[in-house]
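Naming: A, B, ... by sequence-line order, numbering from 1 per chain.
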Amino acid sequence: MSLTETRLLFDVPNGRLVFAAGALDAWAEHLSWCYELMGVKRGATLAVQDFGSSPLSFLGSSLLMPGLARGVAERLDGRFICLDASPERVTLTPAVLEQVAVDALVVRADVTALLSAEMGKKARNGSRTLHPRTIVAFNDEDPPPVRVGATPWRFLLHVPSSLLMAPECRECGRFHLRAGVYRLDGDEVSNLLHAGATTWHLPAGWSSVPGRCALGLDDPRISPAAWTQDG
Amino acid sequence: MPETSHAQDWFEEIERWPSARLRSWQLDRLREVVAHARANVSFYRSLWSKAGLRESGLDSFDDFARLPIITKQDLLKARGGWANPCDGPVGFSTRGTSGEPLLLWLGATEEEIYIAPTMRGFRWAGFAPGMTALLMSPVWHRLAACETHAIARLGGDCAFFWGSLGPDNMDSFLRTLTSVRPRFVTTTAPFLLALVRRAAHDDLRLAEAFRGVESIVAVGLPLTPRMREFLRARLQVGDVFERSGTQEGAALDDCRLHATPHIHEDVCYLEVVDADGAPVAAGERGRLVVTKLAAAGSIFVRYDTGDIAAFATGECECGCTFRRLKIYGRPESSVMVGERMITAYDVRLCVEENPALLGRNVLLIRDRSGASEVLTVAIEGGECDGDDTADRLRSRLGVARARIVWLGGLRINWGFRQVIDGREIGISNG
């Protein structure tokens, strides 16, 4: 078996993603596109608090996966900090953020409460931790994001079993389903590039958004009810 | 690594080099690393300049040993003077068991250097082309990131379960284990022990879950010989191998003889020193000092990891000439009893002499004052030959008094923490 024949299997909630080694680059390119659509700039330092079998983690750099020629770090000409999402590691994140200027902190929605509490503790102890812009990665099993008060900088709709990564656009504030990667048909979102991905259905309260956005003229866009732009 | 199309052959050859040849080769690498550090890392330039060290090359290991030993606190204080964006695109943090975590960087050149010893360790553990390996998360540790590349280059498939290596993710691990049916598994020893305990409690058939697994490579806890055999028997796998290392560059693996892990001496130079920084003889314990033999990534030159370690005496019969070293723990996984530092490993060795106590979680209780005349050990489950065990602890460890607290039904997660304050479980210390 040669390197190019190696299979990579990632178990994710409600499914399994299987890749031939060379198949990861298309998804690293897509995830980089997502970050740029959200407003992450080239050269950025990203810190990602997620599990290793999440695409948000394993697509982070070619150093993390065999056969991934260019991960997100290489494509954005930036840096990628691995922050596992286990509770033990979440408690360390504020101290890590003291040591490096992070441009965007990407966090699984289900650990945001713990992370906020830990950041609060550090702040009360007089820490000089910088609060980076936070991208909350959520899916339909998490509480729906709400755009009120002090909210994260951006949201990323991320459904691993569907290999669905739909960013909240920095321009229109809606979630783009990138043309050529996903197809929206009624309330069904199909993955056009990965045969093993499950079809995702828009959750209650979500709908297609009419009109077009200059940052993705052909992209279908979706949004939860009462979602307002906040940039 | 030499410029050769037979890099793999070279990596297999170097592990059998005579000691003198290996030392000479290591000294050359140390010269490169020191020159690189002096040229590119202002922290080291300043440190060595203040210590009055000349700029010319290192002539001997004695010259190298004159470089000051550094600690995590030194690097945290230096911050940008030590780490810089050129170190590499991927950051990992240490676990912060001794306070603040340290963020360090991995680059492609450094990773390439560390993939080869990972392949070597997996080969020793029986990995063969065509196997599927269930691996630790690549974002969990710098060495785990090398694992996926090593498996791919050895001609295998990589599988990953959802979640992390905590008690919340045991079901997820078992789902992947039983559906993928890997022949090779890498994980942490605390996670395996938590699975064994869970199986006993929930009537889970672990042997069935691990059916077909030929080798497990376990990190995160120094395994006693009895614990290794206990895990092998309970899981009914072919063999269990200890892997150890640090984010700062130490890398070690068990060979098939399990006679203390071998240091991958082609990627790291390890020293064991006493409190004054002087080298200690093989067989004696001291502080582990790491130098990475890679002039790439975050640079560590004579870095005191805080681990307590000892070189093994003699040569291993497996034929590998790399020295062997056991990492026993850290001050955080030890207690002071009188003048003696007792590690959790030492205590487990004694406790496990009673087969009925194998697999029970054993924790040291730290005295509030930081030192005590009494060794207090908490053991899971009901009382079992307590007097005998306490006697053994006293005689083997040379402490005046040993006290055992039986935890009964109280369950404490298997984890990396092996010492607790007695107040956490409602007992008085000392």
S.K.: Could you report the tightest heavy-atom contact between Pro89(B) and Gly78(A), atom names first, then the distance?
M.R.: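 So the minimum-distance heavy-atom pair works out to CB-O, 3.9 Å.
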S.K.: Can you see which heavy atom on Arg79(A) is nearest to which on Gly88(B), and at what distance?
M.R.: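 Shortest heavy-atom separation between Arg79(A) and Gly88(B) comes out as CD-O, 3.8 Å.
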S.K.: Quick check: does any side chain N or O of Arg16(A) sit under 3.5 Å from a backbone N or O of Thr176(B), one acting as donor and the other as acceptor?
M.R.: no
S.K.: For Leu83(A), is there any backbone N or O sitting under 3.5 Å from a side-chain donor or acceptor partner on Ser93(B)?
M.R.: no
S.K.: If I compare all heavy atoms of Gly163(B) with all of Ser53(A), which pair ends up nearest, and what's the gap?
M.R.: N-OG, 3.9 Å
S.K.: To check you understand the geometry: which heavy-atom pair defines the closest contact between Phe80(A) and Trp105(B), and what is its length?
M.R.: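 Taking every non-hydrogen atom into account, O-CZ3, 4.5 Å.
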S.K.: Main chain of Pro101(B), side chain of Gln99(A): is a donor-acceptor contact present, judged purely on distance under 3.5 Å?
M.R.: yes
S.K.: Keeping the roles fixed (side chain from Thr6(A), backbone from Gly156(B)), state whether a donor-acceptor pair exists under 3.5 Å.
M.R.: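 Looks like yes, one N/O pair under 3.5 Å.
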S.K.: Looking at every heavy atom in both Leu106(B) and Leu63(A), which two are closest together, and how far apart are they?
M.R.: O-CD1, 3.4 Å
S.K.: For Ser116(A), check side chain to side chain contact (heavy atoms under 4.5 Å, CB included) against everything at least two apart and list the hits.
M.R.: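 If we apply the side chain to side chain contact (heavy atoms under 4.5 Å, CB included) test to Ser116(A), skipping adjacent residues, there are no hits.
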S.K.: Quick check on Pro160(A) against chain B: is it the side chain, the backbone, both or neither that has a heavy atom closer than 4.5 Å?
M.R.: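 Only the side chain of Pro160(A) comes within 4.5 Å of chain B.
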S.K.: Please flag which part of Ser54(A) lies under 4.5 Å from any non-hydrogen atom of chain B: side chain, backbone, both or neither.
M.R.: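 Both backbone and side chain.
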S.K.: Between the main-chain N or O of Val139(B) and the side-chain N or O of Asp84(A), is there a donor-acceptor pair closer than 3.5 Å?
M.R.: no
S.K.: Once you measure the plane-to-plane angle for Trp162(B) and Phe51(A), does it fall in the parallel (<30°), tilted (30-60°) or perpendicular (>60°) bin?
M.R.: perpendicular
S.K.: State, with a plain yes or no, whether a side-chain heavy atom of Val90(B) is found less than 4.5 Å away from one of Cys82(A).
M.R.: yes
S.K.: Is it the side chain or the backbone of Leu102(B) that comes within 4.5 Å of chain A heavy atoms, both, or neither?
M.R.: both
S.K.: Check whether any side-chain N or O of Arg89(A) sits under 3.5 Å from a backbone N or O of Trp140(B) as a donor-acceptor pair, and report yes or no.
M.R.: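 Yes.
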